[in-house]
Amino acid sequence: MQLVRKFVVLTAAGLILAGCQTNQVISQQPVPVSGPDEQPQAQRQALNPTPSSDTQQQEQPQTSTDLWQLTRQHMQLDLDHDDPRLQAQFEWYQKHPQYMQRVATRASRYYYYILGEVLKRDMPAEVALLPIVESAYDPFAYSHGRAAGPWQFIPGTAKHFGLKSSWWYDGRRDIVASTDAALTYLQQLHDRFDSWELALAAYNCGGGNVSKAIRRNKKKGLATDFWSLDLPKETRVYVPKLLAVSKLIRDAEDNNLTLQPLPNKPVFEQVELNSQIDLAQAAKLSSISTQELYQLNPGFNRWATDPDGPHRLLIPADTAEQFRTQLAQLPAEQRVNWARHKISKGETISTIARHYNTTSAVIREANKLSGSNIRAGKYLLIPSAKHESSEYSLSQSQRFSRKQNQLAQSDRNRVSYEVKQGDSFWKIAKNNNVSVRELASWNQMAPGDPLRVGQTLAIWKADAHQGLSRSDQQLIRRIGYSVRSGDSLYTIADRFRVSINDIQRWNKLEKSKYLQPGQHLTLYVDITEAR
């Protein structure tokens, strides 16, 4: 039996290698991916192993055309362990089939790719289900611990595993990059603890905490498996959650859970770009909406890909060849618009960048400027969006417009303020009882940007108990936060890039009251601004 199972794993892994020589995307309804050196036919290959001659005497298992069945075939963990924590989690998922069906639908865009990467590394198929526990398979998920993406990386761990973060891009949300980092991390933890249950626990609470728990048990002469360790409360139910989800999917029919079959074929392909490209233009070349392109490429924050890379896009499998053909006919210099801007007296690189919805660094790089000194009358070349901001659902300007519309429809009142000599963000904010960060955000500026005399600023004043509009569920996430020792409104606001006034308003806090450890707060966080 073990030999047969080993054959299934190895042959499936070999197939994935054939179809995904670089990181490729695997999922149902949306799109497939292809690496730079792959041939389109190979990229479209399903997870369909070919038996080797030395196993011909055995009855060969048929490769499933359904990814859920393929997952069942490659499960390796003990899903029937007798522990009340596992049983409690299983009963919860069992009683909420609609939740599992919603998550399965969301996963369909990415599951072929992620399962393929898991099997290629000969890891338990249950690992491909971990994003259900981490993020409900939502690449835009953001948690109170500042964890982002389908695998919920926090900033420090993301940086350690090479996940890039910039104004343009957040690798924690990139399906390909974050999956590679998460699986590498899990493999390292498994090598360290020689147990998948302990590796998963360490993924949640850190390897140091697991090691300490093991040392404590050894000193007491106790067992050191996951179920015997005294781990943080969240971790004690984290591993049972994954096992429960896996058990329910394994025994779906017995538990009356209907899962829509996921075809065992690529959903998207990876296409190399070699340069920056406007995302609305890329969507047009592949005959999809910009919304769908962002769903496949959730790591990109703005109207274009990051000029410093990654220079690749995930494109639906059925339009990838069309995209490649049209992209090859489009010169690199035409993939983004270039505006010729004449510098006016008093302008700075930062004010020009804000006008064109880009950054000072991009302008300096495009014009080979070593510093920020510019001269009136000279010209700058600036990359800019080709289409109206409404085309870019995750662009900064579009988020700004949505926020203004939200504010206008709320109980807030807009006050126009004309900047006077000697004014500063701090002075204006203090006089109007708002925060500096809030004031800057309302006007699509950074707190450090200079103000010009005569400049008009928008100040939105609201009822203290008015909540934030949730019209844009893709960008704004409602999260719960438990106050820790040493926390203050300032540190929490700074950590999540929101204003103190908003925290007070969302939670109906009196300004004279101090926060208490353990106190629960509700926050609304823009995931494209969070770090």
Side-chain angles (χ1 to χ4, degrees), residues 1-2 4-17 19-20 24-30 32 45-49 61-81 86 89-90 93-94 97 99-137 150-151 175 179 182-183 186-187 190 196-197 199-200 203 239-267:
M1 179 64 186
Q2 279 199 347
V4 173
R5 190 174 74 177
K6 184 175 182 182
F7 165 76
V8 175
V9 174
L10 291 177
T11 51
L15 161 64
I16 299 168
L17 283 167
C20 310
Q24 284 191 329
V25 190
I26 303 172
S27 254
Q28 178 184 320
Q29 302 158 349
Q45 223 176 341
L47 302 178
N48 196 11
Q62 290 220 339
T63 300
S64 176
T65 57
D66 175 24
L67 292 179
W68 297 124
Q69 185 57 31
L70 187 65
T71 301
R72 296 180 188 109
Q73 292 171 1
H74 295 290
M75 287 181 170
Q76 300 178 31
L77 305 184
D78 181 5
L79 307 183
D80 299 304
H81 184 81
L86 173 53
Q89 294 300 323
F90 181 77
Y93 287 112
Q94 190 181 40
Y99 172 80
M100 291 298 298
Q101 289 162 347
R102 286 197 305 272
V103 171
T105 299
R106 192 181 297 131
S108 66
R109 187 177 269 108
Y110 317 111
Y111 194 67
Y112 175 86
Y113 175 76
I114 291 178
L115 178 61
E117 292 299 299
V118 167
L119 298 184
K120 183 165 70 175
R121 296 178 184 230
D122 198 19
M123 301 170 77
E126 291 93 333
V127 172
L129 302 174
L130 189 58
I132 294 179
V133 176
E134 286 286 355
S135 63
Y137 252 105
W151 297 94
I175 301 302
T179 297
L183 299 188
L186 283 164
Q187 281 184 316
H190 179 260
W196 281 113
E197 286 81 6
L200 291 162
Y203 186 88
V239 175
K241 279 182 181 179
L242 176 63
L243 299 180
V245 166
S246 302
K247 182 178 181 179
L248 186 58
I249 289 175
R250 185 195 67 182
D251 303 332
E253 187 174 346
D254 293 341
N255 290 280
N256 298 317
L257 173 63
T258 302
L259 293 174
Q260 186 70 25
L262 297 185
N264 185 0
K265 63 180 182 179
V267 173

Heavy-atom pair with the smallest gap, counting every atom of Ile175 and Pro150: CD1-CG, 4.2 Å

Under the side-chain hydrogen bond (donor to acceptor under 3.5 Å, both in side chains) test, residues paired with Glu134 that sit two or more places apart: Tyr238

Qualifying residues under ring pair (Phe, Tyr, Trp, His ring centres under 6.0 Å), relative to Tyr137, sequence neighbours excluded: none

CE-CD1 distance between Met75 and Ile249, expressed to the nearest 0.5 angstrom: 6.0 Å

All pairs passing side chain to side chain donor-acceptor pair (under 3.5 Å) where residues 241-250 contributes a residue, at least two apart: Asp80-Arg250

Heavy-atom closest contact (His81 atom, Asp78 atom, distance): N-OD1, 3.4 Å

Gap separating the CG atom of Leu183 from the CD atom of Glu117, nearest 0.5 angstrom: 7.0 Å

Between CG on residue Leu86 and CG on residue Leu242, distance to nearest 0.5 Å: 10.0 Å

Can you give me every donor-acceptor pair (side chain of residues 251-259, partner residue at least two apart or in another chain, under 3.5 Å) with its distance?
from   : atom 1 : to     : atom 2 : distance (Å)
Asn255 : OD1    : Gln94  : NE2    : 2.5
Asn255 : ND2    : Asp251 : O      : 2.8

Considering all heavy atoms, the nearest Val127-Trp151 contact: O-CH2, 3.6 Å

Residues that Ala128 engages under side-chain contact (heavy atoms from CB on, under 4.5 Å), provided they are two or more places apart: Tyr111, Ile114, Leu115, Val118

Test log, rule side chain to side chain contact (heavy atoms under 4.5 Å, CB included), inputs Leu186 and Arg121: CA-CA 11 Å; Leu186 283 164; Arg121 296 178 184 230; over 6 Å; no

CG on Leu200 to CD on Glu197, rounded to 0.5 Å: 7.0 Å

Minimum-distance pair of heavy atoms, taken over all atoms of Pro261 and Asp66: CA-OD1, 3.5 Å

Closest non-hydrogen atom pair, Arg106 against Ala136: NH1-O, 2.6 Å

Heavy-atom check, side chain of Val245 versus side chain of Met100, under 4.5 Å: yes

Qualifying residues under side-chain hydrogen bond (donor to acceptor under 3.5 Å, both in side chains), relative to Gln101, sequence neighbours excluded: none

Ser64 to Asn264 - nearest heavy-atom pair and separation: O-ND2, 2.9 Å

